[in-house]
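These values consider heavy atoms only, across backbone and side chains, with no hydrogens, waters or symmetry-generated copies. Given the structure is predicted, the values throughout are model-derived calculations rather than measurements.
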Amino acid sequence: MKTTKNWKYSCIAGTLILLSVAGCKTPGLAEKNANTKVPEQYTAVQDTVNSGKMSWKTYFKDANLQALIDEALKNNQELNITMQEIEISKNEIKARKGEYLPFVNAKAGAAVDKKARYTNIGAMEATTEIRPGEEMPEPLNDFNLGLYANWELDIWKKLRNAKKSAVSRYLSSVEGKNFMVTNLVSEIANSYYELLALDNQLEIVNQNIAIQSNALEIVKWQKDAARTTELAVKKFEAEVFKTKSLQFDIQQQIVETENRINFLVGRFPQPVERNSGTFTESLPNVVHTGLPSDLLANRPDIKQAEYELAATKLDVKSAKARFYPSVGISAGIGYQAFNPEYLFKPKSLLYSLAGDLMAPLINRNAIKASYNTANAKQIQAAYNYEQTILKAYIEVSNQVSKISNLEKSYALRSQQVEALNNSVNISNDLFRSARADYMEVLLTQRDALESKFDLVETKMQQLNAMVNIYRALGGGWQ
């Protein structure tokens, strides 16, 4: 048997390729560069310390809060789901990288073929001898074993840009995870401080119930002594009942807040360990906003939007390259014979090499649509990047202002609570000596209770502002 050599080379005629390239006018690139210019009032900042770069273990000093955050970073289901998204993005890089490398496959096969006698191939096989005196077997077996390869030469970087885009999206997914960690840490801290505030409000209610119950006993005594009426007794009783009902409202809020924390931590409902006695003594941290460049470098959502913008620009380049000719090479080598005993003989050797050059000529609507879509997504990503930066600066500005105003508000509310506490004592003394009406006592006690609630609420807002400025500066993911 003669050695079979199968050499093949195919390509589109040169004139046709030139015609294709000349007629391949791609749509104009509508690329948009994001505007990241910061106003002068921000660039004038000289504070080089950025609180957002602190570890959450350093920023939050409450040991119970630290334990909750540490457990959440291990068990939070949404965070674990995001970690798998990162793995998916990492595998996408491998897939894109593999597209511009040669593909090599091994193939083994066996077949049987019987041609009809009255066909050109059947007639030739019937009159053909393998060697003198030995006819072509019928039916004809076919055994083959070999290696086959194909490779697209990435001349226009279509495949490499797609791989770079996948890398940018992987980095974007990592920053997305970091941003989720930042939000998770701040959400747990805010809920924890809300829980401490509710504990303190419940304690205030219990203290107020004791005060009101004592005042009720005095009113009953005065009614027995004919110094007041049954109306005053009922009014005081109603106020006591109202305050007692407030207990259960707060207790329900405590349960819901605890379970919100439990959900974030990734565990079933259970009491949350805390030290409520430190709430009123807690002072917001001194916050340093740092330089504007620190915010751009430290906020995970800004870096996520930046990587996404880079990915969309590469997508545009990859889509544009589809208008140009593509060059492919395919090759194969192996053995083929009708009888297994001839399979590995030199004359059964078979090899091939082919080159292809192809370019789109007519009906390029799908390519144009993909290209226009990539352009639109690039512009969309640029606007999203600008919006993310703008949102970051506004968040920082709002929280800095809020911290300052809440500090002043808390000082004034503290004075209000002190004044109303004194007025409660004065009103009780005046009521005992019949120099004040019972309504004055009730209204004074109600105002004192509301002022204490407001003071606790303001303290909670102070601590929340401390948490939110930390999140706005990009803290929590380190």
query = Are more than 12 heavy atoms from other residues, nucleotides or ligands located less than 6.0 Å from atom CE of M439?
reply = yes
Under 4.0 Å between a side-chain nitrogen and a carboxylate oxygen: does that hold for D315 and K377?
no
Discussion item. Check this for me, if you would: do E230 and K223 make a salt bridge, where the nitrogen-to-carboxylate-oxygen distance has to be below 4.0 angstrom?
Written reply: yes
Check: Under 4.5 Å between any side-chain heavy atoms of I469 and S51, yes or no?
Finding: no
Close side-chain approach of T182 to N178, heavy-atom, < 4.5 Å: no
- Item | Short N-O contact, K158 and E152, less than 4.0 angstrom | yes
Relative to each other, are the rings of Y470 and Y59 parallel, tilted or perpendicular (30° and 60° limits)? parallel
**Message:** For Y393, is there any backbone N or O sitting under 3.5 Å from a side-chain donor or acceptor partner on S397?
**Reply:** no
Does Q66 use its side chain to pair, donor to acceptor, with the backbone of F60 at less than 3.5 Å? yes
- Message: Is the shortest side-chain heavy-atom distance between D70 and W56 below 4.5 Å?
- Response: yes
Problem - Sub-4.5 Å side-chain heavy-atom contact between V424 and L420 - result: no
Original post:
Taking it one step at a time, do T280 and K459 satisfy side chain to side chain contact (heavy atoms under 4.5 Å, CB included)?
Top reply: CA-CA 7 Å; T280 54; K459 171 61 73 173; 5.5 Å; no
Residues passing the side-chain contact (heavy atoms from CB on, under 4.5 Å) test with A465, sequence neighbours excluded, are Q399, K402, I403, L406
| Thinking salt bridges, do R96 and E99 make one under a 4.0 Å N-O criterion? | yes
So CZ of F263 and CZ of F268: to nearest 0.5 Å the spacing works out to 11.5 Å
| said: Taking G52's backbone N and O only, do any of them form a donor-acceptor pair with Q478's side chain (distance below 3.5 Å, no angle check)? | reply: yes
*asked:* Tell me whether N76 contacts the main-chain N or O of G266 through its side chain, where contact means a donor paired with an acceptor under 3.5 Å.
replied: no
Point to revise | Donor-acceptor under 3.5 Å (W151 side chain, Y100 main chain) | key: yes
Taken to the nearest 0.5 Å, the spacing of I302 CD1 from L296 CG works out to 5.0 Å
- Item | Test item: side-chain donor near acceptor, Q270 and N262, under 3.5 Å | no
Charged N to carboxylate O below 4.0 Å: is that the case for R169 and E92? no
_Looking at Q387, I want to see if its CD is surrounded by more than 12 non-hydrogen atoms of other residues, nucleotides or ligands under 6.0 Å._
no
Value for OG (S276) from CD (E203), rounded to nearest 0.5 Å, stands at 8.0 Å
**Asked** Is a side-chain N or O of R260 found less than 3.5 angstrom from the main chain of S191, in a donor-acceptor match?
**Response** no
Might you work through the side chain to side chain contact (heavy atoms under 4.5 Å, CB included) test for V167 and Y307, ending with a clear yes or no? CA-CA 9 Å; V167 171; Y307 283 126; over 6 Å; no
Notebook entry, point to check: For K157 and K317, what are the C-alpha separation, side-chain angles and deciding distance, and is it a side chain to side chain contact (heavy atoms under 4.5 Å, CB included)?
Noted result: CA-CA 8 Å; K157 297 185 179 181; K317 293 180 180 179; over 6 Å; no
One thing to verify: whether E85 and K177 come together as a salt bridge, which I'm taking to mean a side-chain N less than 4.0 angstrom from a carboxylate O. no
| Taking atom types as modelled and ignoring hydrogens, do the side chains of N468 and N190 form a donor-acceptor contact shorter than 3.5 angstrom? | yes
Report yes if some heavy atom in the side chain of I254 is under 4.5 Å from a heavy atom in the side chain of L195; otherwise report no.
yes
When rounded to the nearest 0.5 Å, the distance separating CG of N183 from CG of L264 is 11.0 Å
CD of E239 to CG of L449, rounded to nearest 0.5 Å, is 8.5 Å
Between S165 and L314 (side chain of the first, backbone of the second, donor and acceptor by atom type, cut-off under 3.5 Å), is there such a pair? no
**Request:** Could you tell me whether R471 and E395 have a side-chain N and a carboxylate O separated by less than 4.0 Å?
**Result:** yes
**Prompt:** Can you list the steps and then say if F323 with K368 is a side chain to side chain contact (heavy atoms under 4.5 Å, CB included)?
**Reply:** CA-CA 8 Å; F323 287 100; K368 288 180 180 178; 3.8 Å; yes
Sorted by chain and number, sequence neighbours left out, side-chain contact (heavy atoms from CB on, under 4.5 Å) with K220 holds for L216, E217, V233, E237
Look only at the side chain of S404 and the backbone of S401, and say whether a donor-acceptor pair between them is shorter than 3.5 Å. no
Open item on the list: Taking the side chain as everything from C-beta on, heavy atoms only, tell me whether Q77 gets closer than 4.5 Å to N80.
Closed with: no
ask   = Is it true that the NZ or CZ of K320 lies under 6.0 Å from the centre of Y371's six-membered ring and within 45 degrees of the ring axis?
value = no
- prompt: Does S173 reach the main-chain N or O of Y170 with its side chain, forming a donor-acceptor pair under 3.5 Å?
  reply: yes
Notebook entry, point to check: Under 3.5 Å, side chain of R274 to main-chain N/O of V272, donor-acceptor pair present?
Noted result: yes
| field | Close side-chain approach of N161 to K164, heavy-atom, < 4.5 Å | value | yes
Heavy-atom check, side chain of P102 versus side chain of N150, under 4.5 Å | no
CZ of F236 to CG of L442, rounded to nearest 0.5 Å, is 4.0 Å
